[in-house]
Amino acid sequence: MRRVMLFATVAAISLSSCVSKKKYTELEAKNKEIQDLLNTATVKLNTCLTEREALAQQVDFLKKNNTDLINNVGNLTTLTTKGAENLEKSLESLKEKDLKISRLQDALTKKDSVTLALVTSLKREVGIDDPDININVDKGVVMISIADNLLFKSGSYEVSDKAKGVLAKVAKVINSKPDFECMVEGHTDNVPIKNAVLLDNWDLSVKRATSIVRVLQKDLGVSPKQLIPAGRSSYVPLVENDSPANRAKNRRTRIIIMPKIDQFYDMLEKEMKNLEGK
């Protein structure tokens with residue numbers, strides 16, 4: 001069973017066209033709460049597995065004792081009332097543990113199954129041979145990283161026609177998953193920028209994220225309820241900004257596709273309550 005983790009986001013610049021700082025704070029708190037719940041669930045699962053093994057050993061022991069009694073006396077009626085009751089209780093307890101383990105494992109692995117299917121679909125739609133496009137799974141969600149030279153001109157936040165072809169493929173997958181959310185993150189290098197339109201790299205990263213969101217919504221038919229724009233400026237680099245090549249790697253847009261957090265939070269919370277109540 002793979003351990004599921006959800007990604008953490010940081011607050012974006014408060015603009016009328018992008019998500020509020022309050023929204024990101026809520027998302028970050030929700031992600032932490034889910035991570036704590038997943039850690040607790042993993043501990044509970046390991047405890048259940050240990051108890052299950054002990055119960056299985058007890059059942060084997062009781063079965064052997066009962067078999068010995070039957071063989072020695074030659075009559076099933078010699079099986080003591082106490083031995084029969086213990087065997088019945090042990091079998092019932094083992095059955096309950098199996099049921100709880102199965103339900104908890106289903107809750108913890110469902111997200112992995114959905115994520116794997118989404119990655120396969122995205123790689124089929126977008127393709128994996130373009131060096132400017134990278135699709136992978138990180139912290140339990142699907143990440144599509146697109147180099148900014150494929151999306152924008154230097155210092156600009158206007159989406160290129162070439163980029164719209166790639167975004168159309170991403171939109172096709174998003175539209176097929178109406179219960180998923182899509183966060184668009186703008187990332188820059190650390191070279192300061194300031195002009196009549198842009199205040200700084202925060203401003204550029206946010207405007208690039210909202211530009212992508214507008215294309216997904218207005219041109220490609222993605223529901224705005226699924227979209228979350230975010231600006232990360234230069235503070236989450238892939239590599240050190242110590243060369244032109246490295247700075248180019250850090251200038252990117254990351255599209256994060258994920259099942260809605262509340263759905264899996266509610267599911268895990270329900271299964272945890274079931275586990276604790278039995």
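Only heavy atoms go into these numbers, but all of them, side chains included; no hydrogens, no water, no symmetry mates. For the single chain, residues carry numbers from 1 onward in sequence order.
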Side-chain heavy atoms of [X] within contact of [Y], under 4.5 Å:
{"X": "Ile144", "Y": "Ile133", "result": "yes"}
{"X": "Ile255", "Y": "Cys182", "result": "yes"}
{"X": "Asn241", "Y": "Asn246", "result": "no"}
{"X": "Ile174", "Y": "Gln226", "result": "yes"}
{"X": "Asp200", "Y": "Lys194", "result": "no"}

Q) With a 4.0 Å cut-off, would you call Lys64 and Asp60 a salt bridge? A) no

Q) Cluster question for you: counting only ILVMFWY and a side-chain heavy-atom cut-off of under 4.5 Å, with indirect links fine, are Val215 and Leu227 together? A) yes

Q. Are Leu151 and Ile257 co-members of a hydrophobic cluster defined by side-chain heavy atoms under 4.5 Å apart?
A. yes

Atom [atom1] in [X], atom [atom2] in [Y]: separation rounded to 0.5 Å?
{"X": "Thr188", "Y": "Arg208", "atom1": "OG1", "atom2": "CZ", "value": "8.0 Å"}
{"X": "Arg252", "Y": "Ile146", "atom1": "CZ", "atom2": "CD1", "value": "12.0 Å"}
{"X": "Glu240", "Y": "Lys249", "atom1": "CD", "atom2": "NZ", "value": "12.0 Å"}
{"X": "Arg214", "Y": "Tyr157", "atom1": "CZ", "atom2": "OH", "value": "8.5 Å"}
{"X": "Ile212", "Y": "Lys164", "atom1": "CD1", "atom2": "NZ", "value": "10.0 Å"}
{"X": "Arg232", "Y": "Trp202", "atom1": "CZ", "atom2": "CH2", "value": "7.0 Å"}

**Q.** Side-chain donor-acceptor contact under 3.5 Å, Asn201 with Asn190
**A.** no

(Q) Is a donor from one side chain sitting under 3.5 angstrom from an acceptor on the other, for Thr253 and Asp148? (A) yes

Looking only at non-hydrogen atoms, find the nearest pair between [X] and [Y] and report the distance.
{"X": "Ser205", "Y": "Ser233", "value": "OG-N, 3.1 Å"}
{"X": "Lys207", "Y": "Leu198", "value": "CD-CD2, 3.5 Å"}
{"X": "Pro237", "Y": "Ser234", "value": "CD-O, 3.6 Å"}

Q. When you measure from the side chain of Ser223 to the backbone N and O of Pro178, does any donor-acceptor pair fall under 3.5 Å?
A. no

Q.
Under a 3.5 Å distance rule, please check whether Asn250 uses its side chain to pair with a backbone N or O of Leu238 as donor and acceptor.
A. yes

